Each structure stands twice: as C-alpha cells, then as structure tokens.
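Worth saying up front: this structure is predicted, and the values here are computed from it rather than measured. Basis for what follows: all heavy atoms, side chains included, without hydrogens, waters or symmetry-related copies. Reminder, nothing fancy here: chain letters follow the sequence lines and each chain counts from 1.
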Protein chains: 2
Amino acid sequence: MNYTEAKDKFIQTWGSLGTLWGINKAMAQIHALLLISPEPLSMEDVMEELHISRGNTSMNLRQLIDWGIVYKTSKAGERKEYFASEKDVHELTKQIARERSRREIQPTLKILKEVSSIDEDGSAKTKELIKQTKALHELAETADSIMNRLVNQESNWITKTFMKLIK
Amino acid sequence: MNYTEAKDKFIQTWGSLGTLWGINKAMAQIHALLLISPEPLSMEDVMEELHISRGNTSMNLRQLIDWGIVYKTSKAGERKEYFASEKDVHELTKQIARERSRREIQPTLKILKEVSSIDEDGSAKTKELIKQTKALHELAETADSIMNRLVNQESNWITKTFMKLIK
DNA sequence: TTAAACTTTCAAAAATTATTGAAAGTTTAT
DNA sequence: ATAAACTTTCAATAATTTTTGAAAGTTTAA
C-alpha cells in the first residue's frame, strides 16, 4: 500500500465510521483529511481532495469548528483562510466528550429526571417506568461525570488511568 | 405529567437519542418500550403502541435480538411470540459495549494497523499519516480494552470503579 | 393434509438527510 | 468607493435510509 492508497483508505474508513455514529460522511472525511495533513488546508484544497462542493465544504468546516476540533488559521499575506485539525488525539477525545456531554447527556438527564419523577400510583407499569428511568438517569450521570473528569485533566490522564485499571 | 405523557416522552427521547448515535428511530423506540414494559409484548402490541407497520416491527425486533439486548419468550398455550428487553442497565451497557467493540472497533483497528504500517518515505505527509494513525490505533486499543473489561466484570464494576475515579 | 395463526421478506414508496451551485454577503486592498 | 477574492447561505435536487404492506414462508393444531 502506497501513500495515496493509505490516505484514501483512512479517509474512507473514517467517513463510514462517522456515519455509523451519526456523523455525516463529509464532516468525518474533512476531519480525517485535516488530521493527517501536515499543513493547514484551504477550502479549495479540501474541495479538490474530497470532490465535494464549496457549500458542503463550508458548512461542514463550520460544524467542525463548532465542535471545537478544527481551527481557522491564516497565512501571512494571503487572503484565504486555512483550516487545521486539533492534532492531539487526547485533546480530540476530550473535546468530543465535552461536546457530547453538553449536547446530549445533559438534555437527556433532564428528561430522565422529569420522567422518573412522576407520581407513583401503585400500578406495575408506573413502577417499572420509574425504576428503569431512574436506573438510566444514574447511568447517564456516571457517564457524564467520567466525561467531565476527562475534560478537566491533562492529556495523558486518560491513558494512564485506564492502563492502571486494565492490567 | 401523568403516566402516558411520561411514557411517550421517554420513548420519544430515546428515539431521538438513538438517531443521534446512528441507531434508527423505530429500533430505539421499540427498545425503549420494552425496557419500561413490566410484561413481554407481542408484535401486535408493539405495532399498536408505536404505530409502526408489521414489517418494520419484525425487522427491528430482529436487529435488537442480534444485538443481544432483546429476547424472545413464549407464553404457555399461546402461539404468538413475546419480546422482552434486557432490563439490567449494566447488562445492557456491557452487551452494547461488546457488540460495538466487535462490529466497529475491531475492524477499525485492523485498518489503522494497515494504514500506519506503510513504508516511511521521508516525506512530511507520509510521516504525519503514520504518526496520526498510530496515535488513533493506540487510542482505539485502549478503548477496546476498557470495553472488554466491562464485558467480563460483574454488573456493578462499572459504577464502583468509576465512582472511585470520580471522587 | 389442511388451514389458521403467526412471522419474515422484499420491492416499492415515503421520509429524511446530504449535497449542490449560484446568488448574496463579507472582507480587504487600492 | 470600488472591485477582486473569498465565504456563506439556502432553495432545489440527489442520495440514502426508513417504512410500508402484501405475498411468501413457517409453525402448530386438529
């Protein structure tokens, strides 16, 4: 496998993996491309490399920036903007954890709280609803704590800590 | 909020959350419904409760069974099959971790290995590709170890262990 | 063996999501 | 102030994914 094959395979794989996790293909592929690019890329560069339109590129770059994992940079004397990915995979993990917590876990916790707080009326179905949503609430809270922990630690904490647990 | 409102809200929320994580809405909703149902439900029950077609119900129940989080049961003297969810949220977590590891992490690891093993040719782009895919490989391996750990421990390990980390 | 009760399959339709591209918007240099 | 260089927006279109429903398949009882 040569460089080009490897690069394409990586971008392709990252794209499908993204899809599997609810991230659109273009967004995942742009991210993959920036992650392995030694230099920041312009919008033109991204469009050419991935064969996607200007509009698509613009929107997905924006989303990546919103997620806090891609940055805008500019080259001295150039008008265009250049884009670079966060390169440290631990930083990346932290940032994604932070965002998923904020966007998904927090709102879910709120709803699980509401649902599990309905009045107990003695019926089996109400009991079960309360019991299960409480259990999920507890689980989600634990997951959230872990994520917040990750977010507030230095990069290598993740690996170090888990390695201790694993061996 | 009464029982019916709470139930609908929970099913609705679980459905959207599923969508966000690449799980189709019907599948997530069927799972939610079974999770809070004190009794196993027939296909008819599920169809009526969620207003989805027979075909859709059948296919998604099958997928849930493939994921190992829903079981078929039968009632004595009855022809129909009944379906029940795994109720223990820790078991559920373990089973989902097991499947995601098998279906997603393992294949990704394999490709990251291949890609990161291309010949170093001294160019900056090859260097970066190798460096970043190696880093991702290491990260994915760590994630996989954690998941395997989860899978092989008793239900409460998750909470207990993480609680120690968190406080 | 037949038929009723039930489940699965799958091609077609519907719904959703992603993508395009051109017009509108913005920024910067002169 | 103008225009070139560049980016963003968004309505239209395309692609993908989900859902339907009826036919085919299966199982069980008699």
When the side chains of residues 37-44 of chain B are checked against the rest of the protein, which donor-acceptor pairs come out under 3.5 Å, sequence neighbours left out?
| from | atom 1 | to | atom 2 | distance (Å) |
| --- | --- | --- | --- | --- |
| B/Ser37 | OG | B/Glu39 | N | 3.4 |
| B/Ser37 | OG | B/Glu39 | O | 2.5 |
| B/Ser42 | OG | B/Glu44 | N | 3.4 |
| B/Ser42 | OG | B/Asp45 | N | 3.1 |
| B/Ser42 | OG | B/Asp45 | OD1 | 3.4 |
| B/Ser42 | OG | B/Asp45 | OD2 | 3.1 |
| B/Glu44 | OE1 | B/Arg54 | NH2 | 3.3 |
| B/Glu44 | OE2 | B/Arg54 | NH2 | 3.3 |

Atom-pair distance (CD on B/Glu81; C1' on C/dT7), nearest Å = 7 Å
Selection residues 108-120 of chain A - residue pairs positive for side-chain hydrogen bond (donor to acceptor under 3.5 Å, both in side chains), sequence neighbours left out = A/Glu114-B/Lys9
Side-chain contact, heavy-atom cut-off 4.5 Å: B/Leu136 with A/Leu35?
-> yes
Taking side chain as C-beta onward, heavy atoms only, is A/Ser53 less than 4.5 Å from A/Met47?
-> no
Which donor-acceptor pairs under 3.5 Å do side chains of residues 60-73 of chain B form with protein atoms, sequence neighbours excluded?
| from | atom 1 | to | atom 2 | distance (Å) |
| --- | --- | --- | --- | --- |
| B/Tyr71 | OH | B/Glu86 | OE1 | 2.6 |
| B/Lys72 | NZ | B/Glu81 | OE2 | 3.3 |
| B/Thr73 | OG1 | B/Tyr82 | O | 3.4 |

In degrees rounded to 10°, what angle is found between the helical axes fit to the five outermost pairs at each end of the helix from C/dT1-D/dA30 to C/dT30-D/dA1?
-> 20°
Residues in contact with DNA chain C, drawn from residues 39-52 of chain B - heavy-atom cutoff 4.0 Å = B/Met43
A/Lys80 NZ to D/dA4 P, in whole Å, measures 17 Å
Test item: B/Lys125 and A/Ile36 side chains (from C-beta on) under 4.5 Å apart, heavy atoms = no
Side chains of A/Leu17 and A/Trp14 in contact at under 4.5 Å (non-hydrogen atoms) | yes
Residues in residues 54-64 of chain B with a heavy atom under 4.0 Å of DNA chain D, by number, are B/Gly55, B/Asn56
The correct set of residues in residues 71-78 of chain A placing a heavy atom under 4.0 Å from DNA chain D is A/Lys72
Which residues pass the side-chain contact (heavy atoms from CB on, under 4.5 Å) test with A/Asp8, sequence neighbours left out?
-> A/Thr4
Write out all pairs satisfying side-chain hydrogen bond (donor to acceptor under 3.5 Å, both in side chains) with one or both partners inside residues 17-35 of chain B, taking only residues at least two apart or from two chains.
-> A/Glu104-B/Trp21, B/His31-B/Ser85
Given side chains that start at C-beta, do those of A/Thr142 and A/Ser145 come closer than 4.5 Å, heavy atoms only?
-> no
What are the two closest heavy atoms between A/Ala140 and A/Ile105, and how far apart are they?
-> O-CG2, 3.7 Å
Under 3.5 Å, which N/O atoms of the protein pair with N/O atoms of nucleotides 24-30 of chain D?
| from | atom 1 | to | atom 2 | distance (Å) |
| --- | --- | --- | --- | --- |
| D/dT27 | O2 | B/Arg79 | NH2 | 3.1 |
| D/dT28 | O4' | B/Arg79 | NE | 3.3 |
| D/dT28 | O2 | B/Arg79 | NH2 | 3.0 |

B/Glu138 side chain near B/Lys134 side chain, heavy-atom distance below 4.5 Å | no
Among residues 8-29 of chain B, which residues get a heavy atom nearer than 4.0 Å to DNA chain D?
-> B/Asn24, B/Ala26
Are B/Glu49 and B/Lys7 close enough for a salt bridge, meaning some N to O gap below 4.0 Å?
-> yes
Could you tell me which residues satisfy salt bridge (Lys or Arg N to Asp or Glu O under 4.0 Å) with B/Lys87, sequence neighbours excluded, listed by chain and number?
-> A/Glu128
Report the C-alpha separation of A/Arg102 and A/Glu99 in whole Å, then their side-chain angles, then the decisive distance to 0.1 Å, and conclude whether the side-chain contact (heavy atoms from CB on, under 4.5 Å) test is met.
-> CA-CA 5 Å; A/Arg102 185 174 70 74; A/Glu99 288 294 318; 2.8 Å; yes
Could you please spell out the steps behind the side-chain contact (heavy atoms from CB on, under 4.5 Å) verdict for A/Phe10 and B/Leu112?
-> CA-CA 7 Å; A/Phe10 174 64; B/Leu112 288 172; 3.9 Å; yes
side-chain contact (heavy atoms from CB on, under 4.5 Å) between A/Asp88 and A/Leu92, worked out | CA-CA 6 Å; A/Asp88 178 334; A/Leu92 210 54; over 6 Å; no
